[in-house]
Protein chains: 2
Amino acid sequence: MTNSVDEKLAGKRERLVAAAARVFHERGVEKTTLADIARAADVPVGNVYYYFKTKDQLVQAAIGAHERVLRDTIAGLERHEAPADRLKTLVRGWVDQREVAAQFGCPSGTLAAELDKRADGLDREMARVMRGLIDWAQAQFGAMGRPDAAELAVALIAAYQGISLLTNTFRDPEMMAAEGRRLERWIDSLAA
Amino acid sequence: MTNSVDEKLAGKRERLVAAAARVFHERGVEKTTLADIARAADVPVGNVYYYFKTKDQLVQAAIGAHERVLRDTIAGLERHEAPADRLKTLVRGWVDQREVAAQFGCPSGTLAAELDKRADGLDREMARVMRGLIDWAQAQFGAMGRPDAAELAVALIAAYQGISLLTNTFRDPEMMAAEGRRLERWIDSLAA
DNA sequence: GTCTATATTTAGATAGAC
DNA sequence: GTCTATCTAAATATAGAC
């Protein structure tokens, strides 16, 4: 759910993808020009078209970057044995990123919201990525013995998406921290 | 939190404001052209500039429309005596709008998210409007005797914003309905 | 593979007739 | 107050030299 990809190393294609994901998050897809991405990736403007024929293809590549970050995040969480610990560690990761959320919102959520307004079918791609996280959370709640795991998983991710939006709207990272503490208590109460 | 304003009656200025609020919600601020708004309001393109000198001014007017809708919503809720009833009626209103949320997201939330990416200061205006709803919810939780009213109010509005985003991402109004039921149970559990 | 120069398109904004 | 025609700026995309 975060956005840290190396932009200085690797080939131009990789730099362009990493820069696109970052700049789309910071400035929004619509307001981002290909010149912005080229500058951020330290690649000449015209050269972008050698790697990506359209802006849509760059958006698609950025979605792929989000998917990889999410997969790595989940892999890291599974080093914990107890599902409640996994979920609470996920929440703590969100809180750790609260300054970014206050500045730009959740990388995945803001992208999903923007893609919904576009004619291309990329919003379906983004929905699939978010579905992955919800399914994983559902599996954890299920392992905790909750028959309402599906509903709880949606509620958890919704809580994160919502507090990301408010944290961003009010530019107040402490909102995310307070909600994180509340969510951790909530997860504990479900385990009991 | 909804968007129903009469666009066929009243003067051109009012029609333009109502059309702007609606089209900004449906297509997003960035993707909406002044020609889109003019067409929706049944006003010639060039004539828009007689009423609003810039697109920013139309956005500002749309924020004002959201503020009025929110104020009316709150006034309606206060016909209930018990604060828990007020909050649950608010939740039911969100669920009633679930089809709109599935298509376009929460009118206020999507606007707040988009304005954050713009250079103008209009995101601060939108934050003030959303703050109004949070403060009102906080007053209700406070009247229920909750010392953690501030935190609960943020959690409630965040839950709504988050489930709006997911309902929109997955184009699934039932997600909003399920979360609404959960939130009503949650409010009841806090009153006890 | 890389880059410059430029074509094409579109949207915000304005001038001025009515 | 209303509307048409048009200007200007900016962004996507392409052609073609190197």
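Letters go in sequence order (proteins before strands), and every chain restarts at 1.
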Output all residues satisfying side chain to side chain contact (heavy atoms under 4.5 Å, CB included) with B/Lys55, sequence neighbours left out; order by chain, then residue number. B/Phe24, B/Val29, B/Leu34

Taking only residues two or more places apart in sequence, or in another chain, which ones meet B/Arg27 in a side chain to side chain contact (heavy atoms under 4.5 Å, CB included)? B/Val23, B/Thr32, B/Asp36

For B/Phe170, what residues pass the ring-ring contact (aromatic ring centres under 6.0 Å, His included) criterion, not counting sequence neighbours? none

Give the nucleotide from the list C/dG1, C/dC3, D/dT2 with an atom nearest to the side chain of B/Tyr51. D/dT2

Assign A/Phe52 to base, sugar-phosphate, or nothing according to its heavy-atom contacts below 4.0 angstrom with the strands shown. nothing

Taking only residues two or more places apart in sequence or in another chain, which ones pass salt bridge (Lys or Arg N to Asp or Glu O under 4.0 Å) with B/Glu30? B/Arg118

Specify the separation, in whole Å, of atom CG of B/Asn47 and atom P of C/dA15. 16 Å

Sequence neighbours left out, what passes side-chain hydrogen bond (donor to acceptor under 3.5 Å, both in side chains) with B/Glu99? Give chain and number order. none

Give the B/S/- string for nucleotides 10-18 of chain D, one per nucleotide from 5' to 3', where a protein heavy atom under 4.0 Å of the base yields B, of only the sugar-phosphate yields S, and otherwise -. -SSBB----

